[in-house]
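Please read the structure below before turning to the comments.
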Amino acid sequence: MSKNVVVVGSGIIGTACAHYLVESGHRVTILEKGQFGRACSYANCGYVCPSHVLPLAMPGAIQRTMKMALQRDSAFRIKFRLNWQFWKWMFRFARRCNQRDMMESAKAINPLLQWSRTLYTELMNDLGQASDWQTRGLLFVFASQKAMEHYAETNELLTREFGVSATPYAGEQLTVLEPSLKPGSAGGWHYAGDAHMRPDRLLSAWQSSLQARGVKIVENTPLEQWQTHGSKVHLINTPQGEITADAVVIATGAWTPQLAKLLRTQIPIQPGKGYSVTMARPSICPAIPMIFEEHHVAVTPFASGYRIGSMMEFVGYDESIAPKRIQFLKNSAAHYLREPVAVPETEQWYGWRPMTPTSRPMICRLPKLENVYLAAGHNMLGLSMAPATGKLISQLVSEVATDIPTAPYQVA
C-alpha cells in the first residue's frame, strides 16, 4: 500500500531512505533543517569500505584513546565537561571493549556493509559518473614494521570470520603499487573490494534524481512539532504548512538525541567531530585512497580534487574549525606522501558523526511511536551503509519481509 512518508534529514542516510521508499511506490517528502546534503555527509573522505567491519569498541580501545587524548597533537580529543549523557555513553562504550561484544557488533555491521556495496554497483549505473565513483580499493599504510605485522592479525580475523581479505605489500612493493608514497614505509594492506566517491557530488546527483521522481524537498525547516493520535503521528507542523504523514523516518544523524522528547525515546548518540581539507590535486597525486593507521589520517584522490580528513573529537556541538587541527591533517600526510598538499585549497570543513557505543546503527521502528522509524547512528560509516539502510527502512515501512534480520539494529 502506498503511503505518504516524511523523511526528516537529507544526509546520505535520509537520501538513501527516500530513494528506496520511492522505488517501493511511496510518496516522499524530505524535511531538512538546513540545506540538502550539507551536514556530515558533505565533505567526508568518501569511502565505501566493507573492510571496516570491526567496531571502535574493541579490546584495548579505552587505553589507546585515553593515551591519545592526553597528547598535545593527536587525532583524538575529548572536551572534559559535566554532561551526564556523554559520560553514560562513555561507560556503555567502555563496557563493550571486549572480544565477545566486538564480534557481536561486527556481525551486525558486516551485512550492512556487504549489502550496501552490492547495491552501490546498481546505483552507480545512474549516479557513478556524476559522483566520481572509483573502484580502486583502500590502502592501509604503516610506517613501522611492528604495526604492519600486528595488522596481519586483524586481516586474518576479517578473512576467517567475514571473508574480507587484503593483499599485503611490504617495503618497496608498496611504492611500486602507489608511487605517491615516500620510500621507507614498512608496508601496507590493500582491500581491493572497497571503493570511493566524492560525497557532495553524489548527493547533488541523487537530489536531482529524487526530484525528477516526484520527491518534495523542504529545506530550512527543522522538525519541531507533530500531531499524534495515540501512538501514531498523522500530521507534521512546519512554518511552510502542515504535512500529512502515514509514516515518518528520522534520519537526523548526530542531531537525533535533540529530538528525544518528540520521539519519546532516549537516543544513545554522541557527536564525534571530524575535519577535512579539500584542495587541488598534487602533481604527484595518489591513485588509491589511503589511511595512515598510526596517525589516524586518511587521503582521498578525486578526479576533481584531493582531500585529507580525519579526527575524532568529543567536544559537543562545537562549530569552530581550529587552524591547528587542519595543520595536523597536513603534517600527518607529510610523513608519508611525496607531495602531501597542493594549491589552491578550496575548503576546510567539519562534521559531526553520529556515534553509538556499539558502533551499530539504529534501523528500526521506534518503540513508543507506531509509524515512526529511526535510521541513525551510523558512526563513521554512513556512506558505506546508506543503500542497505535505505532498503531496510523501505521494507519496514512497506511492512514486508526484510532481507536481513533487524534485531541487531534496535534502539534498545
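Everything numeric in this text was worked out from a predicted model, so none of it was measured. Only this structure's heavy atoms are used, side chains among them; waters, hydrogens and symmetry mates stay out.
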Verdict with supporting geometry, F86 and M90, side-chain contact (heavy atoms from CB on, under 4.5 Å): CA-CA 6 Å; F86 170 69; M90 285 295 291; 3.5 Å; yes
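- A287 pairs by the side-chain contact (heavy atoms from CB on, under 4.5 Å) definition with R136, E178, not counting sequence neighbours.
- Of the N and O atoms on the side chains of Q240 and T221, at least one donor lies less than 3.5 Å from an acceptor on the other residue.
- Among pairs with a residue in residues 207-251, those fulfilling ring pair (Phe, Tyr, Trp, His ring centres under 6.0 Å) read H229-H234, at least two apart in sequence or across chains.
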Does T29 form a side-chain contact (heavy atoms from CB on, under 4.5 Å) with V215? I'd like the steps, not just the answer. CA-CA 6 Å; T29 299; V215 173; over 6 Å; no
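- Between W349 and Y42, the ring-plane angle classifies as tilted under the 30° and 60° cut-offs.
- Residues T356 and N379 have side chains that bring a donor and an acceptor to within less than 3.5 angstrom of each other.
- Within the structure, salt bridge (charged side-chain N to carboxylate O under 4.0 Å, His left out) pairs that include any residue of residues 392-404 comprise K3-E399 (at least two apart or interchain).
- Sequence neighbours left out, the pairs with a member in residues 19-32 that pass salt bridge (charged side-chain N to carboxylate O under 4.0 Å, His left out) are E23-K391.
- Aromatic ring pairs are classed by plane angle as parallel below 30°, tilted from 30° to 60° and perpendicular above 60°; the pair W189 and Y151 is tilted.
- For residues 290-319, every residue pair satisfying the salt bridge (charged side-chain N to carboxylate O under 4.0 Å, His left out) rule, not counting sequence neighbours, is listed here: R77-E313, K273-D318, E313-R325.
- Residues that satisfy the side chain to side chain donor-acceptor pair (under 3.5 Å) test with R117, not counting sequence neighbours, are T121.
- Applying the side chain to side chain donor-acceptor pair (under 3.5 Å) rule to D73 yields no partners; only residues at least two apart in sequence or on another chain are considered.
- In this view, H52 satisfies the side chain to side chain donor-acceptor pair (under 3.5 Å) rule with no residue, not counting sequence neighbours.
- Among L366, L262, V248, the one residue that satisfies the side-chain contact (heavy atoms from CB on, under 4.5 Å) test with V233 is V248.
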Starting from the C-alpha separation in whole Å, work towards a yes-or-no answer on side-chain contact (heavy atoms from CB on, under 4.5 Å) for K33 and L223. CA-CA 7 Å; K33 67 180 287 186; L223 173 63; over 6 Å; no
Atom pairs and distances, side-chain donor-acceptor, residues 155-163, under 3.5 Å, sequence neighbours left out:
residue, atom, partner, partner atom, Å
N155, OD1, A166, N, 2.9
N155, OD1, Y191, OH, 3.3
E156, OE1, R160, NH1, 2.4
E156, OE2, R160, NH1, 2.8
T159, OG1, N155, O, 2.7
T159, OG1, V164, O, 3.4
T159, OG1, S165, OG, 3.3

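- Side-chain contact between Y306 and V341: absent, with no pair of heavy atoms (C-beta onward) separated by less than 4.5 Å.
- Applying the side-chain contact (heavy atoms from CB on, under 4.5 Å) test to R360 and every residue at least two apart in sequence or in another chain returns R96, E104, S105, A108, I109, T358, P408.
- Listed by first then second residue, pairs satisfying salt bridge (charged side-chain N to carboxylate O under 4.0 Å, His left out) with a partner in residues 36-46 number zero, not counting sequence neighbours.
- With sequence neighbours left out, S332 forms a side-chain contact (heavy atoms from CB on, under 4.5 Å) with H295, V297, F328.
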